[in-house]
Number of protein chains: 2
Amino acid sequence: MFNFATLKTKMKKDVSTEQKIKDAARKVFMTKGFSGCTTREIAKSVGINVALLNYYFRSKGKLFELILEAALSDFIESMVDVFQQDLPLEDKTRMLIDKEFEFLRKHPELPLFIHAGLNQESDAELDQSKFLGRLHKTGIFEECEKAQAQGHMRKVNMINVTLLFMSNCHFPIMSKKLICGIYQIDDNEHEARLNEHKEIVKEMLINYLFPNTNKHA
Amino acid sequence: MFNFATLKTKMKKDVSTEQKIKDAARKVFMTKGFSGCTTREIAKSVGINVALLNYYFRSKGKLFELILEAALSDFIESMVDVFQQDLPLEDKTRMLIDKEFEFLRKHPELPLFIHAGLNQESDAELDQSKFLGRLHKTGIFEECEKAQAQGHMRKVNMINVTLLFMSNCHFPIMSKKLICGIYQIDDNEHEARLNEHKEIVKEMLINYLFPNTNKHA
DNA sequence: ATCGATTTTAAACAATTGTTTAAAATAAGT
DNA sequence: ACTTATTTTAAACAATTGTTTAAAATCGAT
């Protein structure tokens with residue numbers, strides 16, 4: 001008789017142990033950082049032995065690099081999604097900010113983890129070069145250059161454009177502890193400020209980058 | 001005969017050991033984070049025994065809290081300096097951005113250290129409440145409220161104003177590794193982008209916050 | 001049922017961790 | 001010079017670290 005299970009050669013459980021380790025490692029690394037946690041802590045949260053962690057991944061550092069690279073990829077991919085939409089550049093801009101705030105609300109630890117992780121002196125330097133290619137393939141750079149040549153978009157270096165977006169989308173999420181601490185507000189109030197901030201950022205960036213089409217916005 | 005040395009009761013050397021430890025701890029903590037370094041590493045960089053570190057400060061955690069609090073204070077103070085200037089609000093805004101970029105160029109590790117440090121689960125929660133008072137005493141909030149009531153300044157919650165400033169000044173500094181990695185640029189190119197970005201941010205924020213006086217800027 | 005490969009575990013490894021203790025060196029006061 | 005207090009050190013502490021080894025359990029196919 002036909003055995004369905006033989007099809008999935010490597011999947012013996014609902015979720016493979018390897019994936020479960022990755023998930024747990026991601027969560028722990030995100031909140032505590034590389035040197036802020038132990039391999040035993042990760043293993044315990046999965047419910048497995050420490051040695052199994054080194055059986056699947058060679059070392060703590062190797063596992064961390066994997067998680068960091070995946071996080072960076074998520075980051076880029078959340079932008080790529082928007083760039084690939086068939087929309088006017090200005091609408092893409094609005095959509096990018098909306099999606100970015102939405103994405104970061106679900107993964108608020110991501111930005112700080114990535115920046116802190118990159119500053120960590122890792123054994124092997126992380127190869128980020130592929131991400132540039134990933135962005136290039138969406139044609140967003142050419143689209144901006146064209147809009148700049150036609151006077152629709154303000155002539156600003158693409159690195160500075162990137163900085164404008166990331167600054168205004170990522171920082172408000174990363175700075176939660178600092179803002180709540182200084183202004184003595186709770187999570188609800190911070191959430192409200194964040195919602196308002198999204199609209200502020202949208203208007204400010206659109207007005208700055210597309211001044212001709214939005215003179216009196 | 002009069003002994004001059006008796007005047008400085010506690011200062012026996014050019015720089016006290018206590019201060020030397022603080023300086024070294026600041027440098028090491030900044031670059032490696034709390035759990036990314038060891039007390040022996042700090043002691044070694046000062047040229048003293050590990051035990052002496054616990055003699056002056058009670059523990060590694062206590063020393064870290066001291067450094068983190070000082071860093072946060074530096075942060076706030078760099079803003080307070082500008083707020084206390086006798087200048088029109090719009091000029092203060094320009095000056096704030098200039099000073100902030102200048103200050104952060106000298107202490108580029110500060111923002112990331114503070115945000116990562118605050119997310120670290122420290123034994124005693126850091127008391128940031130005093131910083132709000134420190135800002136209030138400059139009268140900057142009243143000045144903004146007045147400008148908003150008179151229609152000079154856009155009506156935006158002060159928390160959102162703070163977010164706008166910090167986002168656009170701090171993030172570009174914090175994100176150096178990420179930006180250089182993605183766009184494959186070196187330190188010189190990044191420096192150039194940063195210089196240009198300062199002017200971009202200045203114009204964008206001024207135009208957004210003071211739209212009536214800067215319609216065609 | 002049996003064999004071979006894969007997966008998982010318990011135990012131990014040496015190295016490093018933050019912290020403490022008790023002794024030594026230095027400074028200060030008389 | 002002597003005594004006392006302060007500063008500094010060497011050594012040891014128990015606990016924890018990442019990693020490895022060798023044995024046990026589980027699985028897949030015959």
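Values below: every heavy atom of this structure, side chains too, minus hydrogens, waters and symmetry copies. Order of the sequence lines sets the chain letters (A, B, ...), proteins ahead of strands, with each chain counted from 1.
If you take CG of L52(B) and P of dT20(C), they are 14 Å apart, rounded to a whole angstrom. Distance, R58(B) CZ to dT20(C) C1': 13 Å, rounded to whole Å. Rounding to whole angstrom units, CD1 of residue I48(A) and P of dG18(D) are separated by 14 Å. The separation between E41(A) atom CD and dT17(D) atom C1' is 13 Å, rounded to whole Å. Put simply, NZ on K20(A) is 13 Å from C1' on dT7(C), counting in whole angstrom units. Atom CG in L53(B) sits about 9 Å away from atom P in dT19(C), given to the nearest Å. Per the geometry, CZ belonging to F57(B) stands 15 Å off P belonging to dT20(C), to the nearest Å. A straight line from CG of N54(B) to P of dA22(C) spans 16 Å, rounded to a whole angstrom.
Counting non-hydrogen atoms of neighbouring residues, nucleotides and ligands closer than 6.0 angstrom, the NZ atom of K202(A) exceeds 12 such neighbours.
When the side-chain nitrogen and oxygen atoms of S59(B) are compared with OP1 and OP2 of dG18(C), none of them lie within a distance under 4.0 Å. Within the structure, every side-chain polar atom (N or O) of T39(A) is placed at least 4.0 Å from both OP1 and OP2 of dT17(D).
When each of E143(A), Q85(A), Q84(A) is tested with K92(A) by the rule side chain to side chain donor-acceptor pair (under 3.5 Å), just one qualifies, namely E143(A).
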Can you list the steps and then say if R134(A) with E77(A) is a salt bridge (charged side-chain N to carboxylate O under 4.0 Å, His left out)? CA-CA 8 Å; R134(A) 191 82 189 79; E77(A) 225 56 32; 2.5 Å; yes
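Atoms CD and NE2, on E142(B) and H136(B) in that order, are 7.0 Å from each other to the nearest 0.5 Å. The NZ atom of K62(A) sits 14.0 Å away from atom CG of L53(A), with the distance rounded to the nearest 0.5 Å.
Aromatic ring pairs are classed by plane angle as parallel below 30°, tilted from 30° to 60° and perpendicular above 60°; the pair H170(A) and F171(B) is perpendicular.
In the set dT9(C), dT7(D), dT17(C), dT7(D) carries the atom at the smallest distance from any side-chain atom of Y56(B). Nearest to the side-chain atoms of T17(B) among the listed nucleotides dT8(D), dT17(C), dT6(C) stands dT8(D).
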Short N/O separations, protein against nucleotides 10-12 of chain C, under 3.5 angstrom:
residue	atom	partner	partner atom	Å
dA10(C)	N7	N49(A)	ND2	3.2
dA12(C)	N6	R40(A)	NH2	3.4

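S35(B) and Q120(B) share a donor-acceptor pair across their side chains, judged by distance under 3.5 Å alone.
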